[in-house]
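The first residue of the sequence shown is numbered 1, and numbering continues consecutively from there.
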Amino acid sequence: MSKSILVAVAWPYANAEIHVGNITGAYLPADIFARYHRLCGNHVLMVSGSDAHGTPITVRADAEGKTANEVYKNYHNGFLNLFMQLGITYDLFTTTHSENHFKVSQTIFKRLLENGYLYKETEKQWYSPDENRFLPDRYVEGTCYICGYESARGDQCDGCGSILDGKKLVGPRSRIGNVFLELRDTEHFFLDLAKLAPQISEYLAKDKSHWRSNVIKSSRYTVDEIGLHGRAITRDLDWGIPVPLSEWDDKCLYVWFEAVIGYLSASIEWASNEGHPSLWHNWWYKSEALSYYFIGKDNIPFHAVIWPAELAGVGRIFPQDPESSLNMPYDVSANEFMNLEGQKISGSRNWAVWGLDVVERYGPDPVRYYLTINMPETKDTDWSWAEFQQRNNDQLVATWGNLVNRVSSFSYKNFDNRVPEPGDLSPPDYELLDVIKSGFDDVGDLLGTTKMRAALQEALKLAGEVNKYLDKQEPWFAIKSDPDKASRSIYTALKAIDSLKIIFSPFLPFSSEKLHKYLGYEGTLFGKQSTRIVGKESWSHTVLEYSNKTAVGAWEPSELPQGQLLRKPFPLFHKLDKDIVSEEMERLGD
């Protein structure tokens, strides 16, 4: 029976370009996972969008002398371009600066207020007399009172990953001008996390054996050991979603509160675009639906603790919704960080490999391959240009690409441009095909548990098994002495390759599509599909939509027709010269 699978992907801040660490941290694993489940016939809804609000955008706007709206739109459009080129198949990639998201976020606020999970409190907040305004936490920097990191923000420390109380920062200063700050009273709404703590503790106490240990341990520790306390959900800002109450129009909803609502609001927007406004219920209200969240480790508290608290406190959103609770995250798949040549990625120092740049110069599949085989699932990893070149040549090209090229070229040349008609297969032929068949279960089990790196390694092993088979059968020589044997072994290898293209397709969709055509198939591997940027009249935002109808391929071995006419093949991948390593290293840094 088909399952409803929600793939909720971290929302990038629209204040900087996306680098390879961001891609391998959340966007690529989510896409691989979604593609796999679509092939399995499951009902996948993959959503995300640009996080358009909050101080990261206003900080950038101040630095560039632009409006926050101009900054957000510029980076949002860049994200759309990157995701299309990289093949990240969102069903909807939208933005928090949409009329729909404003409406849903404000409705969530009202429901929490009605249900008694919000309260007002006057608190001290850093105020800049020079700027005549209260400063959002991101405008405040100082030394972390937990680990001593000297450049901690007012809301979170990038040194130890802790959520901070900005008032406790040591030596607080303004990001702009390093000016003197003072604490003043201001009134805000707070989410009563202490009241919601029992529900979150119960949620986290349930079977979480499928969660990564770093996620469940840190989340349970936060709730059960440190304890939850009220957290402000409004700020003194003029860029964001207004608080939906009279006399509060000078304040906005705090970005940490409303950004996670984006997973829900994007689902609602998608359903509306489909012409079935209640269709999102299938992923948010049906108990059998499963929701997976793909994020970086710095966002674990917001997705494993705070977002579940918001969901628990809301109940149903709209009066016409089912009388049941919204679904909690089934899994929070948080990756660690990817560094660059042994150092932390830093955009300000140009110590980064930018996503759009590297995809345009090396192609999407080689980049997807390296970011998957080097994915930081359980520990930090490192982008190394030397390793990128080596893995491309010695693994992607040598093991998979050369296998495809030599078998398809040999068949095209020696069997009248057709798939050979082998007659009865021999035991070694059946043994190889059985190995490939079992590979669907092995790779699928790993993908289903969000182990993308191990899944790709297993797929590569399967390609290696075909190479071993060909080394023993030697059709290149048998074509003269025993043409029947050559026909059997080439057909068997082509049939294995035809199935492997499906196994590789979640990781390498572009080359798998090319291979599908080489093998003589009409249409596309995934059936009717399209990825497009769509303009919205309301609020003038643009979205990325992906349409994937009934797939031609499915997650099972394919049946390559004997005698099928082949198209002329050419290499799927190309070797990279060693010179690229020194050339790329020279591009790094200030």
Side-chain angles (χ1 to χ4, degrees), residues 28 31-32 35-36 39 84-89 358-374 388-415 417-419 436 439 443 452 455-470 475-476 490-526 529 552-553 557-558 560 564-577 580:
L28 181 56
D31 181 66
I32 294 169
R35 286 177 178 273
Y36 162 69
L39 283 169
M84 289 188 71
Q85 292 200 38
L86 189 59
I88 307 298
T89 51
V358 73
V359 170
E360 288 178 341
R361 290 188 297 115
Y362 292 100
D365 278 0
V367 173
R368 288 175 66 109
Y369 177 82
Y370 181 61
L371 288 178
T372 305
I373 208 72
N374 199 22
F388 174 76
Q389 187 262 352
Q390 176 265 320
R391 285 189 181 272
N392 179 83
N393 292 359
D394 297 349
Q395 295 176 353
L396 184 60
V397 174
T399 300
W400 175 229
N402 283 352
L403 168 64
V404 171
N405 189 53
R406 64 174 176 159
V407 174
S408 57
S409 297
F410 187 82
S411 182
Y412 188 85
K413 178 181 178 180
N414 291 278
F415 295 95
N417 308 346
R418 294 184 180 275
V419 176
I436 301 300
V443 175
M452 314 304 169
L456 181 54
Q457 290 170 339
E458 189 63 30
L460 209 63
K461 288 180 183 177
L462 294 172
E465 291 299 319
V466 184
N467 281 316
K468 291 177 184 177
Y469 164 84
L470 288 170
W476 345 106
I490 287 296
Y491 170 78
T492 301
L494 278 174
K495 194 173 189 305
I497 288 170
D498 191 29
S499 291
L500 283 176
K501 79 167 190 278
I502 298 173
I503 291 178
F504 273 106
S505 65
F507 313 100
L508 310 172
F510 295 91
S511 54
S512 295
E513 193 66 61
K514 289 180 181 178
L515 179 54
H516 186 67
K517 288 181 169 55
Y518 292 172
L519 294 174
Y521 291 101
E522 298 296 331
T524 63
L525 174 59
F526 297 104
Q529 58 179 337
V552 174
S558 59
L560 181 65
Q564 179 163 280
L565 188 65
L566 300 171
R567 293 182 176 88
K568 186 175 182 179
F570 56 89
L572 292 178
F573 315 106
H574 299 281
K575 281 193 171 184
L576 298 175
D577 192 273
I580 72 152

Give a yes or no on whether the backbone of [Y] and the side-chain of [X] come within a donor-acceptor separation of less than 3.5 Å.
| X | Y | value |
| --- | --- | --- |
| K461 | L456 | no |
| N417 | L566 | no |
| Y518 | N405 | no |
| R368 | G87 | yes |
| E458 | V443 | no |

Between L462 and V466, is the side-chain contact (heavy atoms from CB on, under 4.5 Å) condition met? List the steps. CA-CA 7 Å; L462 294 172; V466 184; over 6 Å; no
K575: side-chain contact (heavy atoms from CB on, under 4.5 Å) partners, not counting sequence neighbours: N393, V397
Would you call the rings of Y370 and F388 parallel, tilted or perpendicular, where under 30° means parallel and over 60° means perpendicular? perpendicular
Would you call R391 and D394 a salt bridge, using N to O less than 4.0 angstrom? no
Can we say R567 and E522 salt-bridge, meaning some charged N sits less than 4.0 Å from an Asp/Glu carboxylate O? yes
State, without any angle test, whether Q395 and Y369 hold a side-chain donor-acceptor pair at a distance under 3.5 Å. yes
Do Y362 and N392 have a side chain donor and acceptor closer than 3.5 Å? no
Begin from the C-alpha positions of W400 and L515 and carry the test side-chain contact (heavy atoms from CB on, under 4.5 Å) through to its verdict. CA-CA 12 Å; W400 175 229; L515 179 54; 3.7 Å; yes
From the list L525, D365, L572, I503, side-chain contact (heavy atoms from CB on, under 4.5 Å) partner of S512 resolves to L525
Of all the heavy-atom pairs spanning S499 and I436, show the shortest one and how long it is. CB-CG2, 3.7 Å
Please report the interatomic distance OH(Y491) to CZ(R418), rounded to the nearest 0.5 Å. 15.0 Å
Looking at residues at least two apart in the chain, or sitting in another chain, which of them share a salt bridge (Lys or Arg N to Asp or Glu O under 4.0 Å) with K468? E465
